[in-house]
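Okay, structure first, notes after.
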Amino acid sequence: MSMNGKSLLDTNIIIALFLNETIAKEKLVASSQIFVPSIVIGELCYGARKSGRVQANLNSPLS
């Protein structure tokens, strides 16, 4: 996840952050720069729209 203080987040890490997982937060705190690829944003939007909680997922803090 981190290399030289930079972190490139994948969909699983973002979901872990949504779930407030401590290990994901601890590793991210050490990063000086954080990157989220556009494909990850697309995967999250797709998953939110295919879920049973569309509105709740689309209104999450990171949307």
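For the atom pair OG of Ser32 and NZ of Lys6, the computed distance is 7.5 Å after rounding to the nearest 0.5 Å. Summarising the geometry, atom CD1 belonging to Ile41 is positioned 10.0 Å from atom OG1 belonging to Thr11; distances are rounded to the nearest 0.5 Å. The NZ atom of Lys50 sits 13.5 Å away from atom SG of Cys45, with the distance rounded to the nearest 0.5 Å. Rounded to the nearest 0.5 angstrom, Leu8 CG and Ile34 CD1 are separated by 11.0 Å. In this structure, Lys25 NZ and Ile23 CD1 are separated by 11.5 Å, a value rounded to the nearest 0.5 Å. Considering OG1 of Thr22 and NZ of Lys27, their distance stands at 13.0 Å, rounded to 0.5 Å.
The backbone N or O of Arg53 sits less than 3.5 Å from a side-chain atom of Ser51, completing a donor-acceptor pair.
Ile15 and Tyr46 fall into different hydrophobic clusters, where Ile, Leu, Val, Met, Phe, Trp and Tyr side chains are chained together by heavy-atom contacts under 4.5 Å. Following chains of ILVMFWY side-chain contacts shorter than 4.5 Å, one cannot reach Ile14 starting from Val29, and the two form parts of different hydrophobic clusters.
The closest side-chain heavy-atom distance from Leu17 to Leu9 is below 4.5 Å. For the pair Leu28 and Ile13, the minimum side-chain heavy-atom distance is 4.5 Å or more.
Counting heavy atoms of neighbouring residues, nucleotides and ligands inside a 6.0 Å radius, atom CG of Leu19 exceeds 12 of them.
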